Amino acid sequence: MSRKVSYGLAISEEVLGEGAPVLLQGGVEKAMIRASELGFDSAELHIREPGQFDVQKLLDISNQKNIRIAAVGTGLEYGLNGLNITSPDKSLREKMSARLKEHIDFAANFNAVVFLGLLRGKAPSYAARKEYLDRLAQEFIPIAAYAAERGVILGLEPIVFYLTNLLNTTEETLEFLERPGLETIQLLLDTHHMFIEDKDMFESFRMCKGKIAHLHISDSNRQYPGGGNVDYTKVGDVLKEIGYDRAVSLEVVPYPSGEQAAVYGIEWMRSIWGA
Ligand code: LER
Ligand code: MN
């Protein structure tokens, strides 16, 4: 394989349903095998409980099937487990931090990036955003140090307004990461959020050159690339222009089916970076 980017997709242990942007659901071991058969060479695991997995088994599948675990998604800690890291409730924050460290330890086995996404929670009002962002930074400082000590890269994701009111645009997320103690955290960019939130998503990619830990491909309507309004020829061009060389990962709804969306997605990737 001469290309540097890996072709990836989101998989989960639980069956999350058609509203979740995860293509192969209901068991990560079998999903890794199937993804490899479909031509993918990386996967991101959306998991709610890192301790439940047999790490050696996952490493074996990874080696045998030539599919690496590129990232560990932590959003289900929020969506299924009800945890978040900006809650005024200190015990909830402590629980979330402890779980995040478990995700980091788990990810260290695979040299995988850990998402900092939905686990940020939400502020109860726009007026409360500053207080919540300050708390987010405070909580992330020790987490960033913990990850750096273990050589694990964290990717903070700008997320669209309908899911959170904390860090929606790429620009404000980059600025947030300039706070002392957060410099080692990189970005996880997602074309769905960028298309909706950023004035010019292509400029956003340029702004983040060299700082993108992981990439989510998801169209304006959360479908496979080409299912909505994002110009994916231009996305490919800008990614090549900035020299992005990590995982390009489909985080899309399983429409018209998980497998079909995966096929459409990998066809787009091949049109940009080749086989
Ligand atoms: C939010 O839907 C998203 O894009 C996920 O990557 C957040 O963890
Ligand atoms: Mn995403």
Side-chain angles (χ1 to χ4, degrees), residues 8-14 16-25 28 42-50 69-86 96 99-100 103-104 106-107 112-122 136 140 143 147 153-170 172-173 176 185-198 201 204-205 208 212-225 227-228 230 232 235 239 244 246-255 261-262 265:
L9 82 178
I11 64 177
S12 64
E13 188 64 14
E14 287 78 22
L16 302 169
E18 291 189 345
V22 178
L23 286 183
L24 302 180
Q25 307 183 8
V28 300
S42 71
E44 53 173 69
L45 274 47
H46 289 221
I47 58 172
R48 69 183 299 185
E49 166 60 271
I69 296 175
V72 173
T74 56
L76 297 179
E77 292 287 2
Y78 176 74
L80 293 184
N81 297 347
L83 297 177
N84 82 73
I85 207 156
T86 56
M96 185 62 247
R99 288 306 292 267
L100 198 41
H103 284 279
I104 291 166
F106 178 68
V113 170
V114 172
F115 298 10
L116 301 176
L118 292 167
L119 60 80
R120 79 193 55 166
K122 294 176 193 169
L136 185 64
F140 276 171
I143 295 289
I153 297 176
L154 301 174
L156 178 60
E157 183 174 25
I159 292 181
V160 67
F161 73 94
Y162 66 78
L163 293 171
T164 181
N165 52 12
L166 300 172
L167 303 176
N168 304 121
T169 70
T170 301
E172 68 183 321
T173 308
F176 177 78
I185 301 178
Q186 298 189 25
L187 288 144
L188 192 179
L189 294 184
D190 181 322
T191 53
H192 174 74
H193 308 314
M194 295 169 89
F195 179 80
I196 296 171
E197 292 290 343
D198 292 353
M201 63 185 292
S204 296
F205 275 118
C208 298
I212 309 170
H214 189 74
L215 176 65
H216 283 158
I217 295 300
S218 184
D219 214 323
S220 52
N221 49 6
R222 269 294 198 198
Q223 290 186 20
Y224 58 86
V230 173
Y232 277 100
V235 169
L239 288 170
Y244 181 73
R246 301 178 63 92
V248 177
S249 195
L250 299 170
E251 195 196 41
V252 307
V253 290
Y255 174 83

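When a ligand or atom number is given, it counts from 1 through the structure's own listing order. All of these numbers come straight from a predicted model, not from anything done at the bench.
Judged purely by distance below 3.5 Å, without hydrogens or angles, the side chains of Asp198 and Thr169 never pair a donor atom with an acceptor atom. A donor-acceptor contact closer than 3.5 angstrom is absent between the side chains of Gln223 and Asp219. Neither side chain, His46 nor Glu14, offers a donor N or O lying under 3.5 Å from an acceptor on the other. Ser218 and Tyr224 form no side-chain donor-acceptor contact under 3.5 Å, judged by distance and modelled atom types alone. Using modelled atom types, one finds a donor on one side chain and an acceptor on the other under 3.5 Å when comparing Glu44 with Ser249.
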Run the numbers on His214 and Gln186 for side-chain hydrogen bond (donor to acceptor under 3.5 Å, both in side chains), then give the verdict. CA-CA 9 Å; His214 189 74; Gln186 298 189 25; over 6 Å; no

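Side-chain contact check for Phe115 versus His103: every heavy-atom pair is 4.5 Å or farther apart.
The minimum distance between the Mn ion (ligand 2) and any N, O or S atom of Asp190 involves atom OD2. Among the heteroatoms counted here (N, O or S) of Glu251, OE1 is the one nearest to the Mn ion (ligand 2). Note on Glu157: its N/O/S atom closest to the Mn ion (ligand 2) is OE2.
Close to ligand 1: Arg222, with a non-hydrogen atom less than 4.0 angstrom away. Put simply, part of His193 is less than 4.0 Å from ligand 1, judged by heavy atoms.
With a heavy-atom cut-off of 4.0 Å, Leu188 does not touch ligand 1 at all. For His192, no heavy-atom contact with ligand 1 is shorter than 4.0 Å.
Within ligand 1, counting atoms from 1 as listed, the ones closer than 4.0 Å to a heavy atom of His216 are 6 (O). Atoms of ligand 1 lying under 4.0 Å from at least one heavy atom of Asp190, given by number and element, are 4 (O). Atoms of ligand 1 lying under 4.0 Å from at least one heavy atom of Leu163, given by number and element, are 1 (C), 2 (O).
Here the rule is side chain to side chain contact (heavy atoms under 4.5 Å, CB included) with Leu116, and of Thr74, Leu188, Leu100, Ile85 only Leu100 fits it.
Here His216 reaches the Mn ion (ligand 2): one of its N/O/S atoms is less than 2.8 Å from the metal.
Among protein heavy atoms, the minimum distance from atom 7 (C) of ligand 1 is reached at Glu157 OE1, 3.0 Å.
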